[in-house]
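Protein chains get the first letters and strands the later ones, always in sequence-line order, with residue 1 at the start of each.
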Amino acid sequence: MARITHGLTTSHIPAVGAAIDLGKTAEPYWKPLFAGYDWTKAWAKENVPDVIILVYNDHASAFTPEVVPTFALGCADQFPPADEGYGPRPVPVVQGRADLAAHLAEGLILDEFDLTLMYAMEVDHGLTVPLSLVYGQPDAWPTRVIPFAVNVVQYPPPTAHRCFMLGKAIRRAVERFDEDLNVHIWGTGGMSHQLQGPRAGFINTPWDTAFLDRLVKDPDSLAQLKHLEFVREAGAEGIELVMWLIMRGALGPEAEELYRFYHVPGSNTAVGHIVLQSVETP
Amino acid sequence: MARITHGLTTSHIPAVGAAIDLGKTAEPYWKPLFAGYDWTKAWAKENVPDVIILVYNDHASAFTPEVVPTFALGCADQFPPADEGYGPRPVPVVQGRADLAAHLAEGLILDEFDLTLMYAMEVDHGLTVPLSLVYGQPDAWPTRVIPFAVNVVQYPPPTAHRCFMLGKAIRRAVERFDEDLNVHIWGTGGMSHQLQGPRAGFINTPWDTAFLDRLVKDPDSLAQLKHLEFVREAGAEGIELVMWLIMRGALGPEAEELYRFYHVPGSNTAVGHIVLQSVETP
Amino acid sequence: MTSYTAEFDDIPGTRVFTAQRAKAGYELNQFCMSLMKEANRERFKADERAYLDQTKMSQEQKQAVLDRDYNTMIDLGGQIYFLAKIFATDGLSYLQAVSTMTGMNIDDYQQMMLHGGRSPEGWRSIKDGN
Amino acid sequence: MTSYTAEFDDIPGTRVFTAQRAKAGYELNQFCMSLMKEANRERFKADERAYLDQTKMSQEQKQAVLDRDYNTMIDLGGQIYFLAKIFATDGLSYLQAVSTMTGMNIDDYQQMMLHGGRSPEGWRSIKDGN
Ligand SMILES: [Fe+3]
Ligand SMILES: [Fe+3]
């Protein structure tokens, strides 16, 4: 059977991708940010999963103003990088895992999650920047990736509670897959940031820190948070944090914190990065 | 406040649309079928709602093999008829009701239904044939329509239970809309039919009749039916009947049967048509 | 892992369109969608083989289209609502096209439908033989 | 009916992208999507006005684009991830473009970010003044 053993969260700031692509990671501005991923890079080299279920949001790249899916599951074999206006990022094409994606589609829809299935999709910085942060600049990504896109652009996004329940359902579905697979799940986006209006640049470090603590120890309480609190306390784009609850729900009731990094600023954003290990309960 | 007062189900057979468009409704083959809608046409003339929420499935017209949404809500102002290979049907453009659709989008997503929102969409025979059956061939449809498309093409469709719960949530959301509106809800597709393979032409009249009875009096029991039973007893395309449970859920616990018509054949399909009135319970 | 899909295989003469089949039939169904444009229908009718050769369909899929062999198209991942774009281009109705999958001629099929359709008896379950 | 959306209006200097705004901004955001193609970016840069006049955007929306007035674009239904295609075409980063909405110059904004970002104090609620 397949198992979700680890979870990881990270911001997916586009400027971080640009810094990597343009070879600026050693510059004084960027150095402390990238240093915060050194532990993870070493850990990830020793712990390559068979598949990553990568929860992210599309930033008006694959999804046009015509079609706004709440949850979109990537069922294709390949997902090329999108051209977000600067030209596509020079990163490898993401290799999917269509058999597991088809299995997840079945399990989750029967579990009453109303997915949209994607058989052709380009992926933007929301998905590729986390891969670059953890795996650097390889010729090919070392693992398969199933993209799972969440609408956090148009209101309302799914509730925190819905996301947490979805994570639990993903865990159940993965465990019903016949093949022995080591699966990781990543939640991306966040932490506090706002990219619009006079309030842009908003950062709330105490709230972010408490969020990270509760994500590890008390995710049930986070699942009760309303959208209003996310926007008020973490900024308009801090709403991306609902996606981290999908990751956390998929780890099961207990999780052990292996590593944490928090840094301000990454461009306009507070960088939050945590690596968790599922503690199996009988 | 807005209220859902009536529900209606009907098959949406493409050949029925062609018979109307080509002026063949008086031919011996078609006459008994269209006669079955006479009561409804007269009733509909006297009972024009402000809006119809029209639950249907797209037949590979708006949704390509790339994108398969489980539930898609039409949020646009207009929905033109699709060209399904014979040229677009000569019917009026469907006029939407974007303010109510936006309200439904909010209410249903916060109620944890994972909708896909459509801001541009063509509509096929699944939506336009029912309008033609009830309203004939006017220059403009006499009412606004919010299209609600359900995936019943790729397996798994949503469960019967999920559809029934969605109907209940639609009722709640409509009742939270400030404006006084009279809303009808239609469920289309079905009844028993199969359009593929050596088993094509499958019709199960006893099962259909029992389904209609239970739809009125005991929808909770229908909500427990599995996909396997729909396919086994109502044919591969009889799975469309899950959509009727959305309609029924939206009428509230009790409904009164105003009219019923059942006829075989309409092309490959058993035609089922029923008109229900919601019995408000305190 | 295949438990959900597998149970449908017990129903005689039926293929439900699973996620797996959707992947296998992707290019075939995309070709069908292309026939929603009048200009493409004209190009297809003018030279079917040339039109098909511009797609990424498998040789088998192309041959099944040329043969209008709908059962084979479904075996190769086609889905009837996509395939409908082919028979619409041919000017056929659903009834006419669907009958070709049953091994009956169109008149016999039409007669069966006029007499209440195919009876469920014997068509419910391979295992239970009912 | 507007209760869900209305509560966000209490947050200072913030516009959440509601279904209503998505409708109002539809053509503006579609224009932005068109800039995901290099050829379109070149055409836009060559003659911005002519490019905009080929769209169905309102005059106000077009003017806001020409002025690179992002706050107004957001008021007219633009959403930042769509609008990002405009400043990407201009070769600007998110930080550079976003700073223009704050009334601060880029250096002051950058300094604020380096010192931990904009403090939440006073930016939580208009009603509560905190
Ligand atoms: Fe983001
Ligand atoms: Fe249908």
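Side-chain N or O atoms of Tyr135(A) include none that pairs as donor or acceptor with a backbone N or O of Pro130(A) at under 3.5 Å. Judged purely by atom type and a 3.5 angstrom limit, His273(A) uses its side chain to pair as donor or acceptor with the backbone of Thr9(A).
Contact of Glu233(A) with chain D is made through the side chain alone, with heavy-atom distances under 4.5 Å. Both the backbone and the side chain of His227(A) come within less than 4.5 Å of a heavy atom of chain D. In this structure, no portion of Pro206(A) lies under 4.5 Å from any heavy atom of chain D. Of the atoms belonging to Ile80(D), it is side-chain heavy atoms, and not backbone ones, that fall under 4.5 Å from chain A. For Gln79(D), the part lying under 4.5 angstrom from a heavy atom of chain A is the side chain only. Looking at Ser93(D), the atoms closer than 4.5 Å to chain A (heavy atoms on both sides) all sit in the backbone: N, CA, C or O. Neither the backbone nor the side chain of Leu28(D) comes within contact range of chain A; no heavy atom of the residue lies under 4.5 Å from a heavy atom of that chain. Only the side chain of Asn71(D) has a heavy atom closer than 4.5 Å to any heavy atom of chain A. Contacts of Met113(D) with chain A are made by both backbone and side-chain atoms, with heavy-atom separations under 4.5 Å. In this structure, no portion of Ser99(D) lies under 4.5 Å from any heavy atom of chain A.
Electrostatic pairing of Arg260(A) and Asp213(A) counts as a salt bridge here, judged by a charged N lying under 4.0 Å from a carboxylate O. Salt bridge status for Arg41(D) with Asp83(A): present, with a side-chain N to carboxylate O gap under 4.0 Å. A salt bridge between Glu7(D) and Lys127(D) is absent, with no side-chain N of the basic residue lying under 4.0 Å from a carboxylate O of the acidic one. Under 4.0 Å is where a charged nitrogen must lie from a carboxylate oxygen, and between Asp128(D) and Arg124(D) no such pair does.
Interface remark: of the candidates Ala15(A), Ala200(A), Ala270(A), Ala200(A) forms the most heavy-atom pairs closer than 4.5 Å to chain D. With chain A as the partner, the residue from Leu83(D), Ile74(D), Thr14(D) showing the most heavy-atom pairs under 4.5 Å is Thr14(D). For the set Phe87(D), Tyr70(D), Phe82(D), the entry with the most heavy-atom pairs within less than 4.5 Å of chain A is Phe82(D). Chosen from Tyr81(D), Tyr26(D), Tyr94(D), the residue pairing most often with chain A at heavy-atom distances under 4.5 Å is Tyr81(D). For the options Glu38(D), Gln110(D), Met36(D), Met112(D), heavy-atom pairs under 4.5 Å to chain A are most numerous at Met36(D). For the set Ala82(A), Pro156(A), Pro88(A), the count of heavy-atom pairs under 4.5 angstrom toward chain D peaks at Pro156(A).
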Exercise. Begin from the C-alpha positions of Phe148(A) and Tyr56(A) and carry the test ring-ring contact (aromatic ring centres under 6.0 Å, His included) through to its verdict.
Key: CA-CA 6 Å; Phe148(A) 195 104; Tyr56(A) 75 110; 9.0 Å; no
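Between the side chains of Tyr262(A) and Thr205(A), a donor-acceptor pair is found at a separation under 3.5 Å.
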